[in-house]
Trainee: 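Following this message is one structure expressed as structure tokens.
These numbers were taken from a predicted model, which means no experiment stands behind them. Just so it is clear: chains get the letters A, B, ... in the order the sequence lines come, proteins before strands, and each one is counted from 1. Values reported hereafter were calculated over all heavy atoms of this structure, with side chains retained and with hydrogens, waters and symmetry mates removed.
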Amino acid sequence: MLAIGQVSKRFGNGTLALENITANVAKGEFIALLGPSGCGKSTLLRLLAGLEAPSEGSIIWDEGRRPGPGDIGFVFQDATLLPWADATENVFLPLRLLGRKRAETAGIVANALAMVGLADFAHARPRALSGGMKMRVSIARALVAEPLVLLMDEPFAALDEFTRHKLQEDLHALWRETGKTIVFVTHSIYEAAYLASRILVMSPRPGRIAADIATSIPEGADRRGSKEYVALVAQVTETFRRVMPA
Amino acid sequence: MLERAAPFAFGAVALGLWQGIVTALGVPPYVVPGPIAIVSAYLSDYEVLNPALLSTLTVTFAALAAATTLGVALAVAMAASALFRAAIQPWAVILQVTPVVAIAPLIIIWVNNPFAALVVCATIVAFFPILSNTAAGIAATPAELLDLFKLNGATRWQTLFLLSLPAALPNFLVGLRISGTLALVGAVVAEFVAGSGGFASGLAYRIIEASYRLEIPRMFAALVLLAVSGIVIYATLGQVERLLLRRRDGA
């Protein structure tokens, strides 16, 4: 679906954030960009979104089409909802910016909220929602315009462990149902192992891809307990031991 | 509860002491009038003082409206263009730090209509807090939300009206509250400078007039009216702030 070709990113202050990144993203993949702080994984995500331009190299989308308005769904580390708008208004926002009419998209918005399990909170303001629920609204907002790809920047990092597990399970199930292409930035080995179909391990200063690991953990309730999961976590941990500077 | 009553209790004690000392020492009212003399001055003069208050408040609110329009418009323009911001900001600060007392005589000469001249002076005093607070609020719009708007192809106007202005509302309201009392100060200062050459009807003019005639209780009565007006403006705008923010973000 998109090809990242020898991409480097140097910031204005001279810091080399990314060096020679090459990777392909296929339609329907769930890719985890996994690495420690400062490895440039969020920067790579912003490059994919088109929010910043690479200093060198190219990001080429299928058939040379560049993503237009609404083609990128983005979920930030904080839910970043509009505090003055209820859940429905917040989810409707991207459609509104794209010039769609409220009346004819009411069903789409309601579906998006139902998909993240918030059908009963359609008219709740962010202040009345818990951290996990706010993040669910944020995910619904990112999906409502049917983007080509869903980019997520450590969306669950600020949540408590129980909420995080539940959201991980729901996101994984949502991906299985919809087949949406997802690129998910995280610094948690466990999160990457649980969620993704493929893990790109990144090493810091400058950010490079250190390993590209396809996962094969059986689906089902004991996904976190399966021996494949345990083995994958061990494999990724070992990879970091090799590539991390002492 | 006790803390809410405390300022009133303190005020009552202070007024009682004031009256007691004035009475006990036999201080004549043309030097320091007691509270009773002030109240009776108001009661005998309210036919003059009330219209004067109304006149000063008219100038105050006209200036506050002008300051709001000007302040918000400049803040939006400064957020939209870095060049405009660079060009305007130092001049806005210069206008703010120049004492209005020093500019007022010029304005009163230049602006023919005395009412308009007073409003211009009071606006100059009042607009800066609205400008700087609103500009700070717009500048503090979360970067992620700006990215989100960009990813969905938002126009400049959509970003302004659906994001930046609502996000800046709390800051704007803080600025408005400060500007409300400054507008009153500005109106009074302008009236003082204008003297009888101005509108010749506001409370400040009555204060000057009373001081010439050594009608000290009347001066105090006018002063009390100004102080009460200031408190009422400040408290009302504070209430407006609470109400609007509660409506905006839900209870």
Side-chain angles (χ1 to χ4, degrees), chain A residues 42 45-52 66-87 89-100 121 123-129 137-139 141-155 158, chain B residues 68 72 75-76 79-80 82-83 86 130 133-177 237-251:
Chain A
S42 294
L45 203 67
R46 292 179 63 79
L47 293 181
L48 293 182
L51 289 168
E52 279 170 52
R66 290 172 52 132
D71 282 344
I72 305 281
F74 208 112
V75 179
F76 304 92
Q77 182 167 354
D78 296 315
T80 59
L81 304 177
L82 303 177
W84 53 87
D86 65 17
E89 272 304 300
N90 267 295
V91 174
F92 174 59
L93 178 70
L95 299 174
R96 180 174 190 173
L97 297 177
L98 293 165
R100 307 279 295 275
F121 294 88
H123 297 294
R125 301 273 183 98
R127 182 183 283 190
L129 298 173
V137 176
S138 195
I139 293 171
R141 179 179 67 185
L143 288 172
V144 75
E146 303 259 331
L148 297 173
V149 58
L150 178 59
L151 305 179
M152 308 180 85
D153 190 2
E154 303 194 20
Chain B
T68 305
V72 172
V76 167
L83 191 66
I130 292 185
N133 279 281
T134 309
I138 293 177
T141 310
E144 292 94 342
L145 280 168
L146 289 171
D147 285 341
L148 182 83
F149 272 62
K150 204 161 135 192
L151 286 174
N152 289 292
T155 63
R156 232 171 208 214
W157 292 114
Q158 281 179 319
T159 308
L160 179 66
F161 285 110
L162 297 179
L163 180 59
S164 297
L165 284 182
L169 183 68
N171 296 66
F172 162 75
L173 289 171
V174 169
L176 182 68
R177 183 142 53 110
L237 289 176
Q239 206 60 39
V240 167
E241 188 181 329
R242 261 190 297 282
L243 261 171
L244 277 180
L245 289 185
R246 195 180 308 161
R247 266 199 58 176
R248 189 191 80 150
D249 298 348

Trainee: How long is the span from the CG atom in Leu148(B) to the CG atom in Leu51(A), to the nearest 0.5 Å?
Mentor: 9.5 Å

Trainee: May I ask you to decide if Arg248(B)'s main-chain N or O and Arg125(A)'s side chain share a donor-acceptor pair within less than 3.5 Å?
Mentor: yes

Trainee: What part of Pro142(B) gets within 4.5 angstrom of chain A, counting heavy atoms only: side chain, backbone, both, or neither?
Mentor: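 Contact with chain A is absent: no heavy atom of Pro142(B) under 4.5 Å.
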
Trainee: Quick one: what part of Leu93(A) sits under 4.5 Å from any heavy atom of chain B, side chain, backbone, both or neither?
Mentor: side chain

Trainee: Side chain from CB out, backbone as N, CA, C, O: work out which of these in Arg141(A) comes under 4.5 Å of a heavy atom of chain B, or both, or neither.
Mentor: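 The side chain, not the backbone.
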
Trainee: Is any side-chain heavy atom of Glu144(B) closer than 4.5 Å to one of Asp153(A)?
Mentor: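 Heavy-atom side-chain distance check fails, nothing below 4.5 Å.
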
Trainee: Supply the atom-to-atom distance Lys150(B) NZ to Ile72(A) CD1, rounded to the nearest 0.5 angstrom.
Mentor: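 Going from NZ on Lys150(B) over to CD1 on Ile72(A), the span is 12.5 Å.
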
Trainee: Does any backbone or side-chain atom of Leu169(B) lie under 4.5 Å from a heavy atom of chain A? Answer side chain, backbone, both or neither.
Mentor: neither

Trainee: Working to the nearest 0.5 Å, report the span between CZ of Arg100(A) and CG of Asn152(B).
Mentor: 11.5 Å

Trainee: With a 4.5 angstrom heavy-atom cut-off, is it the side chain or the backbone of Leu163(B) that approaches chain A, or both, or neither?
Mentor: both

Trainee: How close do Ala154(B) and Leu97(A) get, counting heavy atoms only, and between which atoms?
Mentor: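 Closest heavy-atom pair between Ala154(B) and Leu97(A): CB-CD2, 3.8 Å.
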
Trainee: Tell me, do Phe76(A) and Asp147(B) make a side-chain contact under 4.5 Å, heavy atoms counted?
Mentor: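 Yes. Closest side-chain heavy atoms under 4.5 Å.
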
Trainee: Over all heavy atoms of both residues, which pair between Leu145(B) and Leu81(A) is shortest? Give the atoms and the distance, please.
Mentor: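 That would be CD1-O, 4.4 Å.
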
